Amino acid sequence: QVHFVESGGGLVETGGSLTLSCTTSGNFVIGGTFAMVWFRQAPGTQRERVALITNAVLIRYPDSVKGRFTVSRDNDKNMMYLQMNNRKPEDTALYYCNGMGEEYDDSWGQGTQVTVSS
């Protein structure tokens, strides 16, 4: 079973920046995934998609993070990144990465916790 691995979370002050990283376990490579997605989930809320990127140029963000978050992927390094600028307390959540599609329903990692202090 393919599992994604998130890292780079931590504590950052309001207005600060933080970059998350995503890679995979086993022999699976991110370059073989057409679309990669960053999600986040705060306590008591549903999982929210915050960034999507394909192997082409298609990138999508919800209004809640547009202009502050930047997603990128480096297939040669088997990595995906989420750069988060101008952090707000509302961004506090557990962040996950995954491939898009039902074939990745069992590929969730443990996530990385991001906490934004007031």
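The shown structure was predicted, so the numbers you read here are calculated from the model rather than taken from an experiment. Heads up: numbering here begins at 1 and tracks the sequence.
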Spell out, as yes or no, whether a donor-acceptor pair under 3.5 Å connects the side chain of [X] to the backbone of [Y].
X	Y	value
R68	N86	yes
T23	N78	yes
S25	H3	yes

Checklist line | Over 12 non-hydrogen atoms of neighbours within 6.0 angstrom of CD in Q46 | finding: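 Not more than 12 within 6.0 Å, no.
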Checklist line | Sequence-distant partners of S17, side-chain contact (heavy atoms from CB on, under 4.5 Å), two or more places apart | finding: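 Here the qualifying residues are N85.
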[Y] reachable from [X] in the ILVMFWY side-chain graph, under 4.5 Å edges:
X	Y	answer
V37	V114	no
Y104	Y96	no
F69	I59	yes
Y95	V71	yes

Item checked: Residues V12, S117; criterion side chain to side chain contact (heavy atoms under 4.5 Å, CB included); working and verdict -> CA-CA 6 Å; V12 63; S117 62; over 6 Å; no
Margin query: For W38, run the side chain to side chain contact (heavy atoms under 4.5 Å, CB included) check against L52, N98, V50, I53 and tell me which one passes.
Written below: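 Only one of L52, N98, V50, I53 forms a side chain to side chain contact (heavy atoms under 4.5 Å, CB included) with W38, namely V50.
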Notebook entry, point to check: Excluding sequence neighbours, so at least two apart, what forms salt bridge (Lys or Arg N to Asp or Glu O under 4.0 Å) with E13?
Noted result: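 Result, salt bridge (Lys or Arg N to Asp or Glu O under 4.0 Å) vs E13: none returned.
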Distance (rounded to the nearest 0.5 Å) between [X] [atom1] and [Y] [atom2]:
X	Y	atom1	atom2	result
R49	Q41	CZ	CD	15.5 Å
D63	K66	CG	NZ	4.5 Å
M80	M36	CE	CE	4.0 Å
K77	S21	NZ	OG	10.5 Å
R40	Q113	CZ	CD	12.0 Å

Margin query: Is the shortest side-chain heavy-atom distance between M84 and V116 below 4.5 Å?
Written below: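 Side chain of M84 against side chain of V116, heavy atoms only: no contact under 4.5 Å found.
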Next item on the list: State, yes or no, whether a side-chain contact exists between S72 and M79 at a heavy-atom distance under 4.5 Å.
Entry: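 No, too far: nothing below the 4.5 Å cut-off.
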Work out which heavy atom in [X] is nearest to a heavy atom in [Y]; give both atom names and the distance.
X	Y	result
M100	E103	O-OE2, 4.2 Å
A51	L82	CB-CD1, 4.0 Å
T33	R73	O-NH2, 2.9 Å
R47	W108	CD-CH2, 3.5 Å

Checklist line | Selection residues 8-114 - residue pairs positive for disulfide bond (SG atoms under 2.5 Å apart), sequence neighbours left out | finding: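 Passing the test, one end in residues 8-114: C22-C97.
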Next item on the list: Could you name each residue pair satisfying disulfide bond (SG atoms under 2.5 Å apart) that touches residues 39-96, not counting sequence neighbours?
Entry: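 Residue pairs passing disulfide bond (SG atoms under 2.5 Å apart), neighbours aside: none found.
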Check: So T14 and R87, side chain to side chain contact (heavy atoms under 4.5 Å, CB included) or not? Walk me through it.
Finding: CA-CA 5 Å; T14 299; R87 297 301 307 272; over 6 Å; no
Next item on the list: Give a yes-or-no answer on whether the side chains of T70 and Y81 include a donor-acceptor pair shorter than 3.5 Å.
Entry: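 No, no side-chain donor-acceptor contact under 3.5 Å.
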Next item on the list: State which residues pass ring-ring contact (aromatic ring centres under 6.0 Å, His included) with Y61; sequence neighbours excluded, sorted by chain then number.
Entry: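 Scan of Y61 (ring-ring contact (aromatic ring centres under 6.0 Å, His included), adjacent residues dropped) gives none.
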Item checked: NZ/NE/NH1/NH2 to OD/OE distance under 4.0 Å, K88 and D91 ->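 So K88 does not pair with D91 through a salt bridge.
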Checklist line | Listed partners of T112 passing side chain to side chain donor-acceptor pair (under 3.5 Å), at least two apart | finding: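 Side chain to side chain donor-acceptor pair (under 3.5 Å) list for T112, sorted by chain: empty.
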